[in-house]
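See structure below.
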Amino acid sequence: MMESQKYAIVDLETTGHSPASGDRMIQIAIVIMKDWCIEKTFTSFIHPGKPIPLFIQDLTNITDADVKDALPFEAHADYIYELLQDSIFVAHNTDFDLSFLQAEFQRAGLPKWFGKKIDTVELAKILFPTSLSYKLGDLAADLNIPLDNAHRADDDARACAHLLKKCWEELISLPLTTLEQLHKKSFRLKSNLSQLFFDALQTKRRSVIDTENIIYYNKIALQQPVARSKTNEKPLQYPMSKEEKIKLFTEKIPAFEERVQQFQMMDSIWESLNRKSEIAIEASTGIGKTIGYLFPALIYAIQNNRKICISTYTSHLLEQLLINEIPKMEEILGRQINVTLLKGKQNYVDIGTFEQLIKFEDLSYDETLTVLQVLVWLSKTKTGDVTELNVSGGGQLFIDKIRKSNEKSQSINPHFDFYDRAIRESEEADLIVTNHSMILVDLVRKEPIFEKIDGWIIDEAHQFIQAAVNQDESIFTYTNWKYLFGQIGLATDNGIFTRFQKIALKKQRVPLQLFNQLEKKYIRVTNLFNKAMQELVHQMKNYTIQTKQDTKHTVFLSQINLDNGLMKSVSHAIQNWIDLAERIATTFKNDVEEIAPEHQLVLEQWEYWIREFKMKVAQWEELFLQGETDSTTWIEIDRRNVPGSIRVLKKPINITASIHQLFEPFRKSGAVIWTSGTLSVPNNERFIADQLGIDKNVPILSLQAPANYYAGAKAYIVTDMPDIQTVSQTDYIESVALAITRIVRTTNGRCFVLFTSQDMLRKTVELITESELLHDYMLFAQGVTNGSRMRLLKSFQKFSHSVLFGTNSFWEGVDVPGDGLSSVIIVRLPFSSPEEPTFKAKSSLIQQQGRNSFTELSLPEAILRFKQGFGRLIRSSHDKGVFIVLDRRIETKSYGVEFLRALPQISVNKLPLQDMVLEIEHWYNSNDKDRKQVGNNEK
């Protein structure tokens, strides 16, 4: 049965997605696989009886000419039907291919095909849970499966067959207990994977040896942690002279380019580490900043048997350090480096909570799929970092439940605790790599973990400010609170209250009277909460009617007159509910010697939601009952969705004191090195340093790449764009969309388009999509396309004809070297919105002190973002690209020259759109010829 199973792997190309709407097949391919070998292949063009839409021709490369002499489906129907008999139907998204095929069979007068099916999308999600994407082309690239022509049925079907075989190989490599769990829980899946899992299980049981390096937590397979120890190799010496450095680097790095500024950075950091002093270093793109600080830091750590901590802001840079830069340093230094990645607790899986949750029988499809993904992942992950996983939106809610938390009481053997593993590894490490928020949490952590650090290197230092703001902010959302209430529920609901009451009353462990009292308290909480929300909306409406605000309102809490007594009543009611809920839990536990496992799970959930309520009441008091000192609180509401859209946010205005408090103890015992590509702006060298609380005596070393580094860069200002202050937003967006499409077509994609407004980004992308002017390009848009910032970036990099629309975080921290990026388009100069509440509060404070908020805050912030935007374009001396500004204010306003001064010494051309496009086209064509000539010479 097992090895002789027949699989029919099918792929179709069609004129569209709906046979009911008249769409027809244009190509079919069927690969027959037995014993994991391809036995037979059938492929044919199919005449659709209608023209093939242009976008389908672009997608598939199948034209009307290709199918002109092809036969209609009816001519192949009997043969295709026969091929599928006694087979398991396999496709990459069976819902599409099988339903389309069934419709064609029906049209041809054949009966519906019946049989089992396997969806390789579903299967790949389970077996490759950390894959960036589950598109066939992306999986093929990741798994080294040949796929020359994606979206051609013959190539896709063959690639899908190879994918199925890779999945089988992956299956039988899993530990036996993992396979047992997969099989047991697979019956809720959409395709018939249970048979495949059973076959793998049988094969595994016949194997003499199970998977190596595996430990078990209650039948959950985990990777055995690898013990690491410091080596007793020959001590390293820091090469003091330029000649020594060049000799070392040229021996280890092919085609090494000497960078004077990089050596200067190394020496400055080496001196700072040895003197235990503080320094700030602005190192522009092209310096080789990461190697510039890693090299002296590692030699110092190993030489002195001390620890260095490197902190970054973006997960992208963390990834770069571990995957690219650390191995490079190991090669240069000729020894293994003990490095530990340390993140906040919530990034790690809580294996105890996961083990409890998977006992539930009533899991949804998304939850079931995620459980299977996590089971496979746990048998492979070395870190336990849940951000490695790629799960669905519904699955993300399950992931949030199994994150480790300071509030959870679940206690397990440290051997199975990934966070504890990371802490223990950090004690033996030469180098700890972490993020800014992790360091800031140390301010309030009961047992600080960053006490034995000899040197701090804060990369992306300007982002430490934002990390500190995020650390101190508090966000209330109406929907989040209502979700919490829904989880508790009443006796008539199916929430945790009902489940806990049922087991507590079963053997009369808790008096019914207590549950009745608790239910009354719960009703009082929800009634008071709803009343408070009505009061908040009422006050908002009064204010916004007077100020004539639009449908979306943002109002400072201090501007409205909330009923303080009502807000206190909500807090007291929640606390009363918590007190009784805890009393009931204690009574339940004290009344029995041993709690049954299924009852223990319900009790743990009950206690979990009590802890959630405790955090909520603390948040409520912070937002509504505490006065404002160095922070600002505001309310956001959308009149089209009341009260669902209510959000209340509290953010600090000034975080200088917090950062100073954090680093003051470290300054006494070790070095502190701040570095970033953007620490200063023209006329204000200490703009970032002052916000970081860095003493005026601490030097700022500014290192700029040589002028020839930017030889491949050109800047353009489009002179005939409309002035946004004189035209409607709709007209401006139309002009922006036209400019973007013309530039993208000229550069063949590989373009970043940077916005300052999510609303304008969305409307521009919608207009470009509707116009189909870029229908043959892959468009990725932050806040529109699903996925995190890093997933969007990686998807963007996989396609040569692609455009990435970004805002906020895309202005910086993104590295796309070489031909990965051809152009950066700045839609608007990146000023903060004057109505953004934190910015407004900061501006108001500056003005109250008799200073100019535009020159001291608004302009420097915008120039920094502008510099960061340009920094995305040129990431090596061989890169070529154009930097295009569509905002005419850079030319018409007096402050425009400040933005241009912030750029490196490159040519800045001011041209109408048509002339600019022609010039760029000529420049790119000449570059292409140069590249081809170089290629021919190399041959």
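With a 4.5 Å cut-off on side-chain heavy atoms, Val31 and Tyr7 do not count as touching. By the 4.5 Å heavy-atom criterion applied to side chains, Leu123 and Ile118 are counted as neighbours. Contact annotation: the side chain of Leu163 approaches that of Cys167 to within less than 4.5 Å [non-hydrogen atoms, C-beta and beyond]. Residues Asp95 and Leu98 fail the side-chain proximity criterion, which asks for heavy atoms closer than 4.5 Å. By the 4.5 Å heavy-atom criterion applied to side chains, Ile28 and Leu101 are counted as neighbours. Side chains of Asn748 and Ser822 form no contact here, defined as non-hydrogen atoms less than 4.5 Å apart. Leu182 places a side-chain heavy atom less than 4.5 Å from the side chain of Leu174. At least one side-chain heavy atom of Leu369 sits less than 4.5 Å from a side-chain heavy atom of Ile126.
Evaluation of the side-chain hydrogen bond (donor to acceptor under 3.5 Å, both in side chains) rule for Thr130 yields no partner, not counting sequence neighbours. Glu104 meets the side-chain hydrogen bond (donor to acceptor under 3.5 Å, both in side chains) test with Arg107; sequence neighbours excluded. Applying the side-chain hydrogen bond (donor to acceptor under 3.5 Å, both in side chains) test to Glu734 and every residue at least two apart in sequence or in another chain returns nothing. Scored by the ring pair (Phe, Tyr, Trp, His ring centres under 6.0 Å) test, His162 finds no partners at all (sequence neighbours excluded).
A distance-only check finds a donor-acceptor pair linking the side chain of Ser191 to the backbone of Asp119 [under 3.5 Å]. A distance-only check finds a donor-acceptor pair linking the side chain of Ser379 to the backbone of Val376 [under 3.5 Å]. Under a 3.5 Å cut-off, the side chain of Arg24 and the backbone N or O of Lys50 do not form any donor-acceptor pair. Remark: side-chain polar atoms of Tyr134 are paired, donor with acceptor, to backbone N or O of Phe128 under 3.5 angstrom. Checked by atom type and distance alone, the side chain of Thr120 pairs as donor or acceptor with a backbone atom of Ala91 at under 3.5 Å. Using modelled atom types, one side-chain atom of Asn192 and one backbone atom of Lys117 make a donor-acceptor pair closer than 3.5 Å.
Under the 30°/60° scheme for interplanar angles, the aromatic rings of Phe96 and His17 are found to stand perpendicular. Relative orientation of the His183 and Phe198 rings is tilted, given thresholds of 30° and 60° on the angle between their planes.
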side-chain contact (heavy atoms from CB on, under 4.5 Å), that's the test. Do Ser173 and Lys380 meet it? Break it down for me. CA-CA 11 Å; Ser173 74; Lys380 296 178 179 297; 4.2 Å; yes
Does Val386 form a side-chain contact (heavy atoms from CB on, under 4.5 Å) with Asp400? I'd like the steps, not just the answer. CA-CA 9 Å; Val386 294; Asp400 290 341; over 6 Å; no
After noting the C-alpha distance and the side-chain angles of Thr785 and Val765, does the key distance pass the side-chain contact (heavy atoms from CB on, under 4.5 Å) rule? CA-CA 10 Å; Thr785 310; Val765 172; over 6 Å; no
Evaluate side-chain contact (heavy atoms from CB on, under 4.5 Å) for Ile358 paired with Ile220, printing each intermediate quantity in order. CA-CA 11 Å; Ile358 62 175; Ile220 295 175; 4.1 Å; yes
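The 12-atom threshold is not exceeded at CD of Gln106, counting heavy atoms of other residues, nucleotides or ligands nearer than 6.0 Å. Summarising the local packing, NZ of Lys40 is surrounded by 12 or fewer heavy atoms from other residues, nucleotides or ligands at distances under 6.0 Å.
Taking CZ of Phe755 as the reference point, atom CZ of Arg762 lies at 11.5 Å (rounded to 0.5 Å). Rounded to the nearest 0.5 Å, atoms CZ (Phe197) and CG (Leu127) are 5.5 Å apart. Annotation: the span from Phe805 atom CZ to Gln758 atom CD amounts to 12.0 Å, rounded to 0.5 Å. Interatomic distance, OH of Tyr365 versus OG1 of Thr368, reported as 9.0 Å (0.5 Å rounding). A distance of 7.5 Å separates CG in Leu873 from OG in Ser823, rounded to the nearest 0.5 Å. Lys116 contributes atom NZ, which lies 11.5 Å from atom CG of Leu193 (distance to the nearest 0.5 angstrom).
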Would you be so kind as to tabulate the donor-acceptor pairs closer than 3.5 Å made by side chains of residues 75-83, with sequence neighbours excluded?
residue : atom : partner : partner atom : Å
Tyr81   : OH   : Pro111  : O            : 3.4
Tyr81   : OH   : Lys112  : O            : 3.2

Please report, to 0.1 Å, the donor-acceptor pairs under 3.5 Å made by any side chain of residues 387-394, with sequence neighbours excluded.
residue : atom : partner : partner atom : Å
Thr387  : OG1  : Lys343  : NZ           : 3.4
Thr387  : OG1  : Asp385  : OD1          : 2.6
Thr387  : OG1  : Asp385  : OD2          : 3.0
Glu388  : OE1  : Trp377  : NE1          : 2.7
Glu388  : OE1  : Thr381  : OG1          : 3.0
Glu388  : OE2  : Thr383  : OG1          : 2.5
Asn390  : ND2  : Ser131  : O            : 2.9
Asn390  : ND2  : Leu132  : O            : 3.1
Ser392  : OG   : Gly395  : N            : 3.1

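Residues Pro72 and Ile46 share a closest heavy-atom pair of C-CG2, 4.0 Å. Phe780 and Ser802 make their closest contact through CE1-CB, 4.1 Å (heavy atoms, listed as atom of the first residue, atom of the second, distance). Heavy-atom minimum distance, Thr178 versus Leu375: CG2-O, 3.8 Å. Residues Val371 and Phe354 approach most closely at O-CZ, 3.9 Å, considering heavy atoms. What you find for Ala8 and Ile30 is that their closest heavy atoms are CB-CG2, 4.3 Å. Across all their heavy atoms, Glu367 and Leu363 have their closest contact at OE1-CA, 3.4 Å.
Side-chain contact annotation: Asp23 with Ser18, donor-acceptor N/O pair under 3.5 Å absent. One side chain, Ser133 or Asp138, offers a donor N or O that lies under 3.5 Å from an acceptor on the other.
With Glu180 as reference, Arg205 is the one residue of Arg205, Lys204, Lys219 to meet the salt bridge (Lys or Arg N to Asp or Glu O under 4.0 Å) rule. A side-chain contact (heavy atoms from CB on, under 4.5 Å) with Gln27 is found for exactly one of Leu12, Asp11, Asp154, namely Asp154.
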